[in-house]
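Right, one structure below, let's go through it.
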Amino acid sequence: MSISSEHKPLGKQVTGSLHTLSPIVELNVGGEMYTTTLSTLKKHPGSKLAEMFTGQPKLRTDSEGRFFIDRPGTYFKYILEYLRSNQVPTQCIQDVYKEALFYDIEPLIKQLEDSPQIFGELVARRQFLARVPNYSENIELMIRIARAEAVASRQSSVIVCVVRTEEDAARCQDALNSLDTDKKSVVKFGPWKAVPSISDLLDCIQMDVEAKGYKISFQPHVAEKGFRFKSHDFFYKFLFTWW
């Protein structure tokens, strides 16, 4: 294997064929160091990881000559353990799943998707949210409204209307019109055709906004005098706390 003599800040480009590579391979994965065998890395020939070490290499090396992969090194140990012993990880499932997708290790991807954590997210929760019209767009709209109202405030609030059925949507339309007349921004979720309840959707909204780094809570919207609906009817106030 020939290596360019030119030293670059990001390492050196490996230019030789990996057919001449030592069977023992040293890796630098995002700053974490690993030693394994070439056969372990190439265990699943169709994977992206195997392709990294097959044929003409496209990997760089660090200053010590270790192959460098620019991915989170913390979770690579679980990938490596699976390749060595077929042991499916039981920790950091969501993060390991992302790495398995990146390295395209199909058997591990399938086994992780059968785990309660990934199954629940992909098959149950995500399939439900796919049936809620404009769910992702509404999450982003909530955040934009909250940020716009955060000037010189510790908290800002967003009123959310959640309607599960077409009948509920029709019932609360007058209230929405009233809020619109008062120039109060309301984000409307629903209706949807799925088993989960309004409470389930509210939990999903909080979960997904918090996943973006925001501190958020919600409570029934306390209606002002003259408002047609009681506080528990469709309307909720989400509080964003900034400091």
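Please read these numbers as outputs of a predicted model, since none were measured by experiment.
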Less than 4.5 Å apart, side chain to side chain, heavy atoms only: is that true for [X] and [Y]?
{"X": "Glu106", "Y": "Ser47", "value": "no"}
{"X": "Leu27", "Y": "Met33", "value": "no"}
{"X": "Asp95", "Y": "Pro72", "value": "no"}
{"X": "Asn28", "Y": "Glu32", "value": "no"}
{"X": "Met52", "Y": "Leu41", "value": "no"}
{"X": "Thr37", "Y": "Ile24", "value": "yes"}
{"X": "Ile118", "Y": "Gln94", "value": "yes"}
{"X": "Ser39", "Y": "Pro23", "value": "no"}

Closest contact, heavy atoms only, [X] versus [Y]:
{"X": "Pro191", "Y": "Pro133", "answer": "O-CD, 3.2 Å"}
{"X": "Pro220", "Y": "Tyr236", "answer": "CA-CD2, 3.8 Å"}
{"X": "Gly30", "Y": "Phe68", "answer": "N-CE1, 4.1 Å"}
{"X": "Val158", "Y": "Met142", "answer": "CG2-O, 3.6 Å"}
{"X": "Tyr34", "Y": "Lys77", "answer": "OH-N, 3.4 Å"}
{"X": "Cys161", "Y": "Cys172", "answer": "SG-SG, 3.6 Å"}

In the single-linkage hydrophobic clustering (I, L, V, M, F, W, Y; side-chain heavy atoms under 4.5 Å), do [X] and [Y] co-cluster?
{"X": "Phe234", "Y": "Leu239", "answer": "no"}
{"X": "Val195", "Y": "Trp192", "answer": "no"}
{"X": "Ile109", "Y": "Leu122", "answer": "yes"}
{"X": "Leu101", "Y": "Leu49", "answer": "yes"}

Got a second to check how far [X]'s [atom1] is from [Y]'s [atom2], nearest 0.5 Å?
{"X": "Leu83", "Y": "Tyr78", "atom1": "CG", "atom2": "OH", "answer": "15.0 Å"}
{"X": "Gln219", "Y": "Leu202", "atom1": "CD", "atom2": "CG", "answer": "12.0 Å"}
{"X": "Phe218", "Y": "Gln206", "atom1": "CZ", "atom2": "CD", "answer": "5.5 Å"}
{"X": "Lys43", "Y": "Leu38", "atom1": "NZ", "atom2": "CG", "answer": "14.5 Å"}
{"X": "Glu167", "Y": "Thr165", "atom1": "CD", "atom2": "OG1", "answer": "4.5 Å"}
{"X": "Leu112", "Y": "Tyr82", "atom1": "CG", "atom2": "OH", "answer": "8.5 Å"}

Arg84, CZ atom: more than 12 neighbouring heavy atoms under 6.0 Å: yes

Aromatic plane relationship, Trp242 with Tyr214 - under 30° parallel, 30 to 60° tilted, over 60° perpendicular: perpendicular

Phe238 vs Val187, side-chain contact (heavy atoms from CB on, under 4.5 Å): CA-CA, chis, key distance, verdict: CA-CA 10 Å; Phe238 278 79; Val187 181; over 6 Å; no

Distance-only polar pair, side chains of Glu149 and Ser153, donor-acceptor under 3.5 Å: no

SB check [X] [Y] (cutoff 4.0 Å):
{"X": "Asp168", "Y": "Arg164", "value": "no"}
{"X": "Lys215", "Y": "Glu210", "value": "no"}
{"X": "Glu140", "Y": "Lys212", "value": "yes"}

Stepwise side chain to side chain donor-acceptor pair (under 3.5 Å) check, Ser85 with Glu81: CA-CA 6 Å; Ser85 62; Glu81 186 59 34; 2.9 Å; yes

Side-chain donor or acceptor of Thr40 paired with backbone N/O of Thr36 under 3.5 Å: no

Residue pair Gln117, Glu121: steps toward the side chain to side chain donor-acceptor pair (under 3.5 Å) verdict: CA-CA 6 Å; Gln117 298 93 324; Glu121 175 67 17; over 6 Å; no

Pair listing, side-chain hydrogen bond (donor to acceptor under 3.5 Å, both in side chains) test, anchored in residues 127-139, at least two apart: Tyr135-Asp208

